[in-house]
Q: 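Got a structure for you, questions after.
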Amino acid sequence: MIEQNKKSWNTVAHHFNGKDALPSYGPFAQSEDELGLFGELKNKKVLDIGCGSGHSLAYMAEKGASELWGVDLSEKQIRTAEGTLKDVKHHLFCAPMESEIGLPKQYFDVVYSIYAIGWTSDLSATFGLIHNYLKPGGSFIFSWDHPLYGHLKSQNGELCLDGSYQVEGMIQYQNFKGEEAPVIIPKRKMSTYINELIKAGFTIESVIESEVSSKFDGVDEEVSDRYYSLYKARRFPSTMIIKSVKGIVWQE
Ligand SMILES: C[S@@+](CC[C@H](N)C(=O)[O-])C[C@H]1O[C@@H](n2cnc3c(N)ncnc32)[C@H](O)[C@@H]1O
């Protein structure tokens, strides 16, 4: 699965240059400017999981983060990110987020992931690694498709449930972004994300089922059957955003 997804991400990477990057949390969703989940970033060491074209790391640099680290599966994305971050010191790694690649432990103030975490083949290993990367008291913030969103199909102005939310597993698509680029995307329930965070040792601080960003105020929506549409997003959250913290263990 990882090899196939890597190949396909190399094929479609150009569609995602600067897309789904901070301050945006995802399509139509409230942005970091509206939610303020990260707080002060000055002098913080940050790690981006699935850093793509590096635009979220560039946002972190603008906010004064002291160290910029990123991991992504695709060489093509990493090469683009090298260009995006050419004027700032950075540490980028081409690797699956679910693998132990020797990143420093108990080191980062903030680990985050914008529309990438759901690609992992092993959620429990990934959350376990992220928990290890963080200093005690550090935060982990991620956004991903709201797990029910993909099941909502709009047909003639009505939203209908398509398929079963109950069934989890790997879904194979032959095409991605209109290209012949077969990908396997895991389908998980909201409770799976939450329970795996708890199992990894995180304390959940905030769960957001996104509202539509105020930048779309006054924008007319049209009834649309597209996967992401303002019409759907005004009726159901497109994105879930979860902020967790690594608790401090007090020694007697
Ligand atoms: C929508 S893009 C993320 C955009 C990026 N977070 C940003 O802020 O610009 C999803 C990214 O996840 C990466 N990805 C997919 N599976 C992965 C995996 N198992 N490990 C690491 N990265 C992965 C893809 O290569 C892609 O760059």
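Counting starts at 1 for both ligands and their atoms, following the listed order.
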Q: Using the six-membered ring wherever Trp is involved, compare the ring planes of Tyr193 and Phe127 and label them parallel, tilted or perpendicular (cut-offs 30° and 60°).
A: tilted
Q: May I have all residue pairs that pass salt bridge (Lys or Arg N to Asp or Glu O under 4.0 Å) and include part of residues 22-34, sequence neighbours excluded?
A: none
Q: With a 4.5 Å limit on heavy-atom distance, are the side chains of Thr239 and Tyr115 in contact?
A: yes
Q: Which residues satisfy the salt bridge (Lys or Arg N to Asp or Glu O under 4.0 Å) test with Lys19, sequence neighbours excluded?
A: none
Q: So what's ligand 1 close to, N/O to N/O, under 3.5 Å?
A:
unit_1, atom_1, unit_2, atom_2, d
ligand 1, 6 (N), Gly50, O, 2.8
ligand 1, 6 (N), Ile114, O, 2.8
ligand 1, 8 (O), Asp20, O, 3.3
ligand 1, 8 (O), Ser56, OG, 2.5
ligand 1, 19 (N), Glu98, OE1, 2.9
ligand 1, 20 (N), Met97, N, 2.8
ligand 1, 22 (N), Leu73, N, 3.2
ligand 1, 25 (O), Asp72, OD1, 2.6
ligand 1, 27 (O), Asp72, OD1, 3.3
ligand 1, 27 (O), Asp72, OD2, 2.7
ligand 1, 27 (O), Gln77, NE2, 2.8

Q: Is it the case that the side chains of Asn43 and Ser66 hold a donor-acceptor pair, with the cut-off being a distance below 3.5 Å and no angle test?
A: no
Q: Can you give the donor-acceptor pairs under 3.5 Å from side chains of residues 57-64 to other protein atoms, not counting sequence neighbours?
A:
none

